[in-house]
There are 2 protein chains.
Amino acid sequence: MARTQGSHSDITGPRIRRAALRLFARHGFAAVSMRQIAGEVGVQAGALYNYTPDKQTLLFELMRDHMDALLAARAAEAARAGRDPMARLENFTRHHIRFHIERPDEVFIAYMELRNLAPENFAEIERLRHAYEDELETILRNGVAAGDFAVPDPRVATYAVIAMLTGVNTWYRAGGRLSLSEVETLYWDMVRKAVAA
Amino acid sequence: MARTQGSHSDITGPRIRRAALRLFARHGFAAVSMRQIAGEVGVQAGALYNYTPDKQTLLFELMRDHMDALLAARAAEAARAGRDPMARLENFTRHHIRFHIERPDEVFIAYMELRNLAPENFAEIERLRHAYEDELETILRNGVAAGDFAVPDPRVATYAVIAMLTGVNTWYRAGGRLSLSEVETLYWDMVRKAVAA
DNA sequence: GTTTTAACTGAACGTGCGTTCATATCAAAC
DNA sequence: GTTTGATATGAACGCACGTTCAGTTAAAAC
């Protein structure tokens, strides 16, 4: 085994994933060629195949890694938020905005490129997304049971809240009129009122 | 001038636009070839160029026609809604859901394929989208002035409400658990409460 | 200093792309 | 029945695609 240290593989691999992420988000999966990705990294197209079996798997792994990171981050945050439904909902709201704003390319791809996934890869990403949505639905159901929230249909409210929060990514730009924490507060006000008892 | 009536052009033209709409929505603009569109219509690829100068213009005109239809439908609806901010907001909310659910392919394309537009075409679509958003922002500002709404930032609330409403398209399916008018009412409840004074 | 082998090159494979255009078709116009 | 021209064909253009692979490079191992 030669060159286990000093090897380029632990440098080139992440560089390929970063370049693919950026280019897929900018131009779309179908519009980006393996040669473009390779060019961004500074290697020939053939070299990419030391790091991914094919273009489809490269896309899938970017999406799966993003969803894994989202679920891991939520598990860590949820542990800090306690059990009170109102506190958990505020924690979910603020964390969703912050996490998604920090990863615009990943979020864009995770929403836009689902149709370019092979069926089994699509099913896996959908499973992870569902797991994320389920936490919010549970928070809403618990809040209804506790009399804190008036939500006639927790599943629909889950879709509505997540769509509203993810929408921040379409317009927010760092350095704009509002700070991120101001945006968090504006959205939390709307979420809180929308589900209020 | 021969064959001005009985000509195929008034049949083939719409069929091309319908096929392109369907295929762009299913697979994405970049992943659909002119030969695929032609195949769906039952002509050769070259025949498409009697109806569009190029693939890019075909996409742009689908998006522009959709936005024109949206603005025209809003103008007609708004005229019926009167001047009361609460009534106008309810009208906007229900109409947005209904109009968008009836046109899933157009909506999908209008959101996902913006990055495939040439800069001048992108600017035009953005202009039309802005005009649509402006109506909602005006409703919110009028409601705040009248004391009906408590909305600290009408621009952000506009983004939030539209993202939430458009999100219906990602999950609603006709014949499912909820009727469209039930969905309208669930969303209207959330919108009403979120902006309530 | 020789051997080993991970990492990468560069050319090639077959395929499909958007677009053009000379030619064919055929219903309407006269 | 002849002319006209809108409509469509089908072949061709040059180019780029995803992927493969025999060969080259060079750092680590001994």
Side-chain angles (χ1 to χ4, degrees), chain A residues 1-24 26-63 109 113 115-119 121, chain B residues 1-24 26-63 109 113 115-119 121:
Chain A
M1 184 172 55
R3 224 179 356 178
T4 51
Q5 282 184 337
S7 162
H8 289 172
S9 73
D10 51 349
I11 295 171
T12 306
R15 291 227 297 156
I16 288 172
R17 286 189 286 277
R18 273 200 301 273
L21 185 77
R22 217 183 67 91
L23 289 168
F24 289 165
R26 296 273 183 296
H27 310 294
F29 174 75
V32 172
S33 71
M34 295 300 266
R35 284 170 178 81
Q36 274 179 272
I37 298 168
E40 190 108 330
V41 176
V43 297
Q44 295 299 313
L48 302 186
Y49 291 84
N50 291 323
Y51 301 94
T52 183
D54 48 42
K55 193 186 176 194
Q56 157 79 204
T57 303
L58 183 54
L59 172 64
F60 169 62
E61 289 180 350
L62 289 173
M63 295 175 71
I109 290 173
E113 303 298 353
R115 62 187 168 190
N116 286 305
L117 290 175
N121 291 340
Chain B
M1 186 171 53
R3 226 184 350 183
T4 52
Q5 282 183 338
S7 161
H8 289 172
S9 73
D10 51 348
I11 295 170
T12 305
R15 291 227 297 155
I16 289 171
R17 285 189 286 277
R18 272 198 301 273
L21 186 76
R22 219 182 66 90
L23 290 167
F24 289 165
R26 296 271 184 297
H27 310 294
F29 173 75
V32 172
S33 71
M34 295 300 265
R35 285 170 179 82
Q36 274 179 272
I37 298 168
E40 191 107 328
V41 175
V43 297
Q44 295 298 314
L48 303 186
Y49 290 84
N50 289 324
Y51 302 93
T52 183
D54 48 42
K55 193 186 175 192
Q56 157 77 205
T57 303
L58 183 53
L59 172 64
F60 169 63
E61 289 180 350
L62 289 173
M63 293 174 72
I109 290 172
E113 304 297 354
R115 62 186 167 190
N116 287 305
L117 290 175
N121 291 341

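Here is how names work: the chains are called A, B, and so on, in the same order as the sequence lines, proteins then strands, and each is numbered from 1.
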dT7(D) OP1/OP2 closer than 4.0 Å to side-chain N/O of Tyr49(B): no
Distance-minimising heavy-atom pair for Arg17(B) and Leu62(B): O-CD2, 3.7 Å
Val43(B) or Ala30(A), whichever maps to the more 5' nucleotide of DNA chain D: Val43(B)
Nearest listed nucleotide, side chain of Met34(A), among dT7(D), dC17(D), dT19(D): dT19(D)
Nearest-angstrom distance from the residue atom CD of Gln56(B) to P of dT19(C): 9 Å
Integer-rounded Å distance: dT20(C) C1' and Lys55(B) NZ: 17 Å
Could I get a table of every N or O pair under 3.5 Å where one atom is in the protein and the other is in nucleotides 10-14 of chain D?
residue : atom : partner  : partner atom : Å
dA12(D) : N6   : Arg35(B) : NH2          : 3.3

Side-chain N,O (Ser33(A)) to OP1/OP2 (dA16(D)) below 4.0 Å: no
Heavy-atom pair with the smallest gap, counting every atom of Tyr49(A) and Asp54(A): CE2-CA, 4.0 Å
Sugar-phosphate, base or nothing in reach of Val41(A), heavy atoms under 4.0 Å: nothing
Distance, rounded to the nearest Å, where Asn50(A) contributes CG and dT19(D) contributes C1': 13 Å
Length of the NE2-P vector between His27(B) and dC17(C), whole Å: 12 Å
Atom of Ala19(A), atom of Glu40(A) and distance for their closest heavy-atom approach: CB-CG, 3.7 Å
Leu58(B) vs Tyr51(B), side chain to side chain contact (heavy atoms under 4.5 Å, CB included): CA-CA, chis, key distance, verdict: CA-CA 9 Å; Leu58(B) 183 53; Tyr51(B) 302 93; over 6 Å; no
Nucleotide of dA8(D), dT19(D), dT19(C) approaching Tyr51(B) most closely (side-chain heavy atoms): dA8(D)
d(CD1, Ile11(B); P, dA27(C)) in whole Å: 13 Å
Exercise: identify the closest heavy-atom pair between Lys55(B) and Phe29(B): NZ-O, 3.0 Å
Exercise: identify the closest heavy-atom pair between Val41(B) and Thr12(B): CG1-CG2, 4.2 Å
Short side-chain N/O contact to dA8(D) OP1/OP2 from Thr12(B), under 4.0 Å: yes
For atom CD of Gln36(B) and atom C1' of dG18(C), their distance in whole Å: 13 Å
CA sep, side-chain torsions, deciding dist, call: Ile16(B), Thr52(B), side chain to side chain contact (heavy atoms under 4.5 Å, CB included): CA-CA 10 Å; Ile16(B) 289 171; Thr52(B) 183; 5.8 Å; no
Distance, rounded to the nearest Å, where Leu23(A) contributes CG and dC17(D) contributes P: 12 Å
For atom CG of Asp54(A) and atom C1' of dC17(D), their distance in whole Å: 14 Å
